[in-house]
Amino acid sequence: MIRQYIYEQVVAALDKLGYSHEREITVEVPNYTEFGDFSTNAAMILSKENKTAPKVMAEKLVQELKKQKNFKKVEIAGPGFVNFVVAPSQYYELLWQIHKEELEFGKSDFGKEEKVMLEFVSANPTGPLNIVSARAAAFGDTLCRVMKWVGFDPIKEFYINDAGNQVDILAESVELRLREIHGEKMEEFPYEAYHGEYVKHLAQKLNSQEGVRIFMMPEKERMEHLKDYALNEIHLMQQNSLEKFGVVFDSWVSEKTLRMEGVVEEVLSYLAEADCTYEKEDAIWFCSTKFGDDKDRVLMKSDGSITYFVPDLAYHLTKLQRGFTKLIDVFGPDHHGYVPRLKAAFKALKYDDTMLEIIFLQQVNLFVSEERIKMSKRAGNIVTMDDLLNVVSKDAARYFFIARKANAHLNFDLDLAVKKNNENPVYYCQYAYARICSILKKAKKDKVLPKTWHKEHISKLTKPEELALIKKMTELPDLLTGIAEQREPYRLTVFVEELAGMFHRYYSKIQIVNEKHKELSEARLLLINSIKDVLAISFELMGISAPEKM
RNA sequence: GCGCCAGUAGCUCAGUAGGAUAGAGCAUUAGCCUUCUAAGCUGAGGGUCAGGGGUUCGAAUCCCUUCUGGCGUGCCA
């Protein structure tokens, strides 16, 4: 908010003084308060192109900018920085603005209603969601919330890979467990089959519903039946886990349905028309190397079946047909080899491949009492999203998952997440909110909470901590557009921790309600009420609760 | 081998327009509740920003290179 203003003032001053400004200059918050509220490097960046010494330029800028009433101080420092101290009156204006916007603060039309497709989780429908899916869910959902807040038009979609041989294996696994229930002995459960307990549960449930009738069906029909049953059950299971986690998808797209609509054939013909396919060793290949991939890819295997890639590409094309101009895929760490071929296909079919953007989430390492838990799908000892949520609150889990950059490994310390004390950053932040609520409640009870707020009393806020808190809150709009643009939700947790910390320190240092100073008390109550709103907005965007009592 | 990602305090991590003296939490350690919630606050110690070159007024940040770790490199999905 203020930064943009200062930037404009600097540019105006440069123009007035006849300096050129080809190179980008910056206005930023210095690391040290003695350098003021904001600082610009304009003189140093532009000295070369204007053939003027930085200090001389800086001095002229200072003279020019000093004329502004909104600055309390403008001074030259170091090798040519121009530092600004913003007049308190400016902060009072801003606080009043934040106060009036309440829970709408930070909203903007930055995204210009751009239609964005966020695809994430998209786990195989062959088992419960695991921890990486949980990370993806928290990440994608938070990003979507922020993008919506700043004016994009995003939707969340889950792509169900309910076709292909993994699903066949699932059906076979259920059948084996069914046979087991009926007393059939088998030497050993096959290595490739799904070993998880949930398969047994599926079999039991099906058995209690349909019993031996299943085995009367012809083999082929039975397998189809088992497949449909298992897929549906698992889909509901996954959907349920996600909902418990606060993640509700706008749309679910089934690969099987897509295939039935004939998109596979369509894509194959498109690629053939573009002259990008050839036959070799009884298979059909896509010459993706012509478009930047490091090897060509098989589209149709020698047994006549299709590879995963084809329907997936078709799926991506349907996103474009549905009018989305930005396709964001959130992938797990083991898929990055897959990107060049998708991009290659976009190029081959003359689509703009920059519309396709892929974000990689790195793996999640789960730690329990400082031991890393090793998970193996085969052994069936995967820690599922439900397991996690049975132990850790939704708030803590979501917070931990978004608190790291996407492309960094995430160490999830289960002991820490479970803790409800000062070590756990979620509670640190929520506690600030609860404290404010408590103060406001008490103020209301003591009849010191004003029925209508008076703007003129804000000027009673003169403590550096108070101005710093206002300044911090004004960062929110820029922060949110930055998060949306860079796809980096984790920055929200950094912001919230900073704001909560500033509040905690302020609280322990300064008495907010003081009956002897009514107007000052009112101003401080207004201040913390706005902090409360800003925290509430942040929590809402992270999908965690804002507890009024803790 | 090749490709992608990462390497900042004992641990987990910030440091997003290349800025001034490198920041926080935990852990260690010394304190603060008869006063709006101690799930809080205050102080102390702790660093060759993996190593080495370069770019420039200025580099944890950009370029090159070496080392270390993770992942990928299927006619699996």
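Below, read A as the first sequence line, B as the second, and so on, with proteins coming before strands; counting in each chain starts at 1.
Note: A:Tyr433 and A:Phe539 have perpendicular aromatic rings, judged against thresholds of 30 and 60 degrees for the angle between ring planes. Using the six-membered ring where Trp is involved, A:Trp252 and A:Phe158 have ring planes that are parallel, under 30° apart on the 30 and 60° scheme. Ring geometry, A:Tyr278 versus A:Trp285: the interplanar angle falls under 30°, so the pair is classed parallel (tilted spans 30 to 60°). The aromatic rings of A:Tyr338 and A:Tyr308 lie tilted to each other, with the angle between the two planes from 30° to 60°.
Judged by distance alone with a 3.5 Å cut-off, no donor-acceptor contact links the side chain of A:Ser508 to the base of B:rA38. Taking 3.5 Å as the limit, the base of B:rA20 and the side chain of A:Asn41 contain no donor-acceptor pair of atoms between them. Remark: the A:Thr307 side chain and the B:rC75 base include no donor-acceptor N/O pair separated by less than 3.5 Å. Interface remark: the A:Asp294 side chain does not form any donor-acceptor pair with the B:rG3 base, using a distance-only criterion of under 3.5 Å.
Screening A:His517, A:Glu519, A:Glu466 against A:Arg524 for a side chain to side chain donor-acceptor pair (under 3.5 Å) leaves a single residue, A:Glu466.
A:Ile358 comes within 4.0 angstrom of no nucleic acid atom, judged by non-hydrogen atoms across all strands.
Across all strands shown, nothing is found opposite B:rU61 as a Watson-Crick or G-U wobble partner with both distances under 3.5 Å. B:rA6 and B:rU68 make up a base pair, with Watson-Crick or G-U wobble contacts both under 3.5 Å.
Considering only side-chain N and O atoms, A:Tyr428 lies under 4.0 angstrom from the phosphate OP1 or OP2 of B:rC41. Side-chain nitrogen and oxygen atoms of A:Lys301 include at least one within less than 4.0 Å of the OP1 or OP2 phosphate oxygen of B:rA77. Contact between the side-chain N/O atoms of A:Lys295 and the OP1/OP2 oxygens of B:rG74 is found at a separation under 4.0 Å. Close to B:rG15, at under 4.0 Å from its OP1 or OP2, lies a side-chain N or O of A:Lys405. Regarding contacts with the backbone of B:rA38, a side-chain N or O of A:Arg435 is found under 4.0 angstrom from either OP1 or OP2.
Nucleotides B:rA60 and B:rU8 place their C1' atoms 7 Å apart, quoted to the nearest Å. Across B:rA22 and B:rU61, the matching C1' atoms stand 12 Å from one another, rounded to whole Å.
The distance from atom CG of A:Asn411 to atom P of B:rC26 is 18 Å, rounded to the nearest whole Å. Atom CZ in A:Phe503 sits about 10 Å away from atom P in B:rA38, given to the nearest Å. Atom CD1 in A:Ile439 sits about 13 Å away from atom C1' in B:rU35, given to the nearest Å. Atoms CG (A:Leu361) and C1' (B:rC71) sit 13 Å apart, rounded to a whole Å. Rounded to a whole Å, the NE2 atom of A:His336 is 14 Å from the P atom of B:rG70. Between the OH atom of A:Tyr427 and the C1' atom of B:rG40 there is a distance of 16 Å, given to the nearest Å. Taking atom CG on A:Asp296 and atom P on B:rG74, their separation rounds to 13 Å, with Å as the unit. Rounded to whole angstrom, the span from the OH atom of A:Tyr308 across to the P atom of B:rC76 amounts to 14 Å.
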